[in-house]
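What follows is a short report on a single structure.
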Number of protein chains: 2
Amino acid sequence: MPRAGLSRTAVVRLACDVVDAGGPRGFADLTLAKVAAEAGVAPPSLYKHVGSLAALRREVAVIAVEEITAAGTSATVGLAGADALRGLARSWRRYAVQHPGRYSATQIGADPDDPADAALREAGTRSVAVVAAALQGFGLPDDRLIDAIRAVRSGVHGFVMLELGGGFRMREDVDRSFDALLTMLTAGVEALARHEGTPGDGNGPDRLGDLPGPATAGRPAPLDDAPGSPGRHEHPTPRRPR
Amino acid sequence: MPRAGLSRTAVVRLACDVVDAGGPRGFADLTLAKVAAEAGVAPPSLYKHVGSLAALRREVAVIAVEEITAAGTSATVGLAGADALRGLARSWRRYAVQHPGRYSATQIGADPDDPADAALREAGTRSVAVVAAALQGFGLPDDRLIDAIRAVRSGVHGFVMLELGGGFRMREDVDRSFDALLTMLTAGVEALARHEGTPGDGNGPDRLGDLPGPATAGRPAPLDDAPGSPGRHEHPTPRRPR
DNA sequence: CCGTAAAGCTACGCCCATTAGCCAATGAGT
DNA sequence: ACTCATTGGCTAATGGGCGTAGCTTTACGG
């Protein structure tokens, strides 16, 4: 049995390929069997290099976050204000289109408590820093920076996910729509900076904060500012197990 | 063996519960075994009511889209312009928080060709119509309406997904950020209506259209304007099957 | 040439989806 | 009430994926 010459990083690299080959669903559909097939190896052999499927997923996620952060960084060097924001957003979209699977991997949450997720948490923090840096030039009040970061991330992320989802009829129109989104976002950030914040509609902010929120057995946390600790449970009460 | 009195709709309803109980990941984690346990029935019994796990997923998705459309509709009756937009966006977020699993189900794509997805496609179309209606009052030029719809959906969807993902430290701050996002979006739509569209940065629009796009073996289509037909394939070429 | 650790492998156990085929409960028609 | 077809449930069994255990062989330092 001639050795395949694998290694931890080689396996992760292969996993990245598999994930991207699967399109936006690729990350969710990642399977040790596929990676093993790609490596020319029997599935259990992978355990000599990675701890589990979950661990492999985490590694892919870390790489994806680091890559997209790097892309954003190099897309904004020497730029400021609206130019920086546009460059950043476009680099994200480009990355998402070129690496749909990895981009999806970017979404998984890092458990705030789990030490295994430390690397992912740190990568997430670094990625947020890039956004903050790109927004420097707008002169946002301190207490509005967070809003701007969230809005920019939300807008671009939502657009990209919908685009990757498959939709948005024609590519050209999509490019135009993306440009319109960026215009809206930059205008919005500028408005926020001018302190035109939250005129609202006379109903005050949303106060969704104290909704029941149906036993949200949410997993870990996101790649955002900072995580809150999640709750957990299984099926509430099976009615007649058998 | 006393009958459990199931039915197609009863099973789907249970699946909805299971999905929501699982938080944002609940939809992806949906399993026939869980539904069966919840119903007090052995897993194979479910096949008397639903065709497969995939079919059940589709049914849940249709219900979710219909519900969120209904929520949006009733949240915007009698409103116009910015008020309608805010009402609509808030109803989405509220639905997502109250039904995280179902909201995620909303994301799955409808295959433009598959007749099994017809109901899902139609539900998606209806849901887009509500957004268009809410944007009526802004007096957008025809060729900008689509951009506005996409931006609004993207912004809110991205925000909600990031929020559900687990992040966004404190709830209060999140409400405020959401409000800021809405302010930015309404301002953006108004700007679009004023024809201040796409000043861009002198680099023209993105032209991501002709990127290679790495063999994006994406599944079906999204719940957007209209689908384009997907490509498909498996692993490119296993290197040494065994 | 030897010995050892690392990198494969096969054999298993467990969980899930799905199919096949059996049997009891239900209810329409008599 | 009796019959019997339909229906909804069951068990058994297959196939695939993760993950563990334990064996074997390769590669390499002495």
Side-chain angles (χ1 to χ4, degrees), chain A residues 1-15 18-19 21-22 25-61 101 105 108 114 116 217 219 233-235 238-242, chain B residues 1-15 17-19 21-22 25-61 101 105 108 116 219 234-235 238-242:
Chain A
M1 48 191 74
R3 298 211 176 175
L6 289 182
S7 70
R8 180 183 197 79
T9 65
V11 170
V12 173
R13 231 190 311 275
L14 282 174
V18 168
V19 151
R25 292 243 180 285
F27 185 70
D29 292 350
L30 178 62
T31 200
L32 284 183
K34 287 180 193 163
V35 176
E38 196 69 17
V41 131
S45 303
L46 296 180
Y47 286 88
K48 288 288 155 78
H49 305 287
V50 297
S52 68
L53 175 60
L56 180 57
R57 281 219 167 88
R58 257 190 307 252
E59 301 238 36
V60 171
I108 78 165
D114 189 345
R219 287 299 178 295
H233 79 271
E234 283 307 307
H235 355 252
R239 292 185 199 162
R240 211 197 61 172
R242 192 217 168 283
Chain B
M1 46 189 75
R3 299 209 175 174
L6 289 182
S7 70
R8 182 183 194 78
T9 64
V11 170
V12 174
R13 231 190 312 274
L14 282 173
D17 294 346
V18 168
V19 151
R25 292 243 179 285
F27 186 69
D29 292 350
L30 178 62
T31 199
L32 284 183
K34 286 180 195 164
V35 177
E38 196 69 16
V41 134
S45 303
L46 296 180
Y47 286 87
K48 289 286 157 78
H49 305 286
V50 296
S52 68
L53 176 59
L56 181 56
R57 280 219 167 88
R58 257 189 308 251
E59 300 240 35
V60 171
I108 78 166
R219 286 302 178 291
E234 281 309 305
H235 357 251
R239 289 182 200 167
R240 211 197 61 173
R242 186 206 177 282

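In what follows, every chain begins at residue 1, and chains take the letters A, B, ... in the order their sequences are listed.
Computed from coordinates, the B:K48 NZ to C:dA24 P distance equals 14 Å when rounded to whole Å. Separating the CG atom of A:L30 from the P atom of D:dC18 is a distance of 8 Å, rounded to the nearest angstrom. Distance, A:K34 NZ to D:dC18 C1': 14 Å, rounded to whole Å. Rounded to an integer number of Å, the gap from B:D29 CG to C:dA17 P is 11 Å.
Each end of the helix from C:dC1-D:dG30 to C:dT30-D:dA1 gets its own rotation axis from five pairs of C1' atoms, and the angle between them is 0° to the nearest 10 degrees.
The side-chain contact (heavy atoms from CB on, under 4.5 Å) check on B:A33 picks up B:T31, with sequence neighbours excluded. Residues meeting the side chain to side chain donor-acceptor pair (under 3.5 Å) test with A:S7, sequence neighbours left out: A:T9. Contacts of B:R13 classified as side chain to side chain donor-acceptor pair (under 3.5 Å), with partners at least two apart in sequence or in another chain: none.
Of the inter-residue distances, the one linking A:L6 atom CG with A:H49 atom NE2 reads 4.5 Å to the nearest 0.5 angstrom.
Comparing atom distances between the B:A42 side chain and each of D:dG9, C:dC9, D:dT11 picks out D:dT11 as nearest. Closest to the side chain of B:A33, out of C:dA17, C:dG8, D:dG9, is C:dA17.
Residue contacts for A:T31: at a heavy-atom cut-off of 4.0 Å it reaches the sugar-phosphate backbone alone, with no base atom in range.
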Give me, pair by pair, the N or O atoms of the protein and of nucleotides 26-29 of chain C that are less than 3.5 Å apart, along with how far apart they are.
none

Could you pull out the protein-nucleic contacts involving nucleotides 18-20 of chain C (nitrogen or oxygen on both sides, under 3.5 Å)?
| from | atom 1 | to | atom 2 | distance (Å) |
| --- | --- | --- | --- | --- |
| C:dT18 | OP2 | B:Y47 | OH | 2.6 |
| C:dT18 | OP2 | B:L53 | N | 2.9 |
| C:dT18 | O5' | B:Y47 | OH | 3.0 |

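Between B:A4 and B:V41, the closest heavy-atom pair is CB-CG2, 3.8 Å. When all heavy atoms of A:A105 and A:V60 are compared, the closest pair comes out as CB-CG1, 4.2 Å. Closest of all the heavy-atom pairs between B:I108 and A:R25 is CA-NH2, 3.7 Å. The nearest pair of heavy atoms linking A:A42 to A:A36 is C-CB, 4.0 Å. Across every non-hydrogen atom of B:G101 and B:V19, the tightest pair is C-CG1, 3.1 Å. Nearest heavy-atom pair, A:K34 versus A:D29, reported as atom, atom and distance to 0.1 Å: NZ-O, 2.9 Å.
Judged by distance alone, the side chain of B:R57 and the main-chain N or O of B:S52 form no donor-acceptor pair under 3.5 Å.
Applying the 4.0 Å criterion to OP1 and OP2 of D:dT7, one finds that B:H49 has every side-chain N and O outside that range. Under 4.0 angstrom from either OP1 or OP2 of D:dG8 there lies no side-chain N or O belonging to B:S45.
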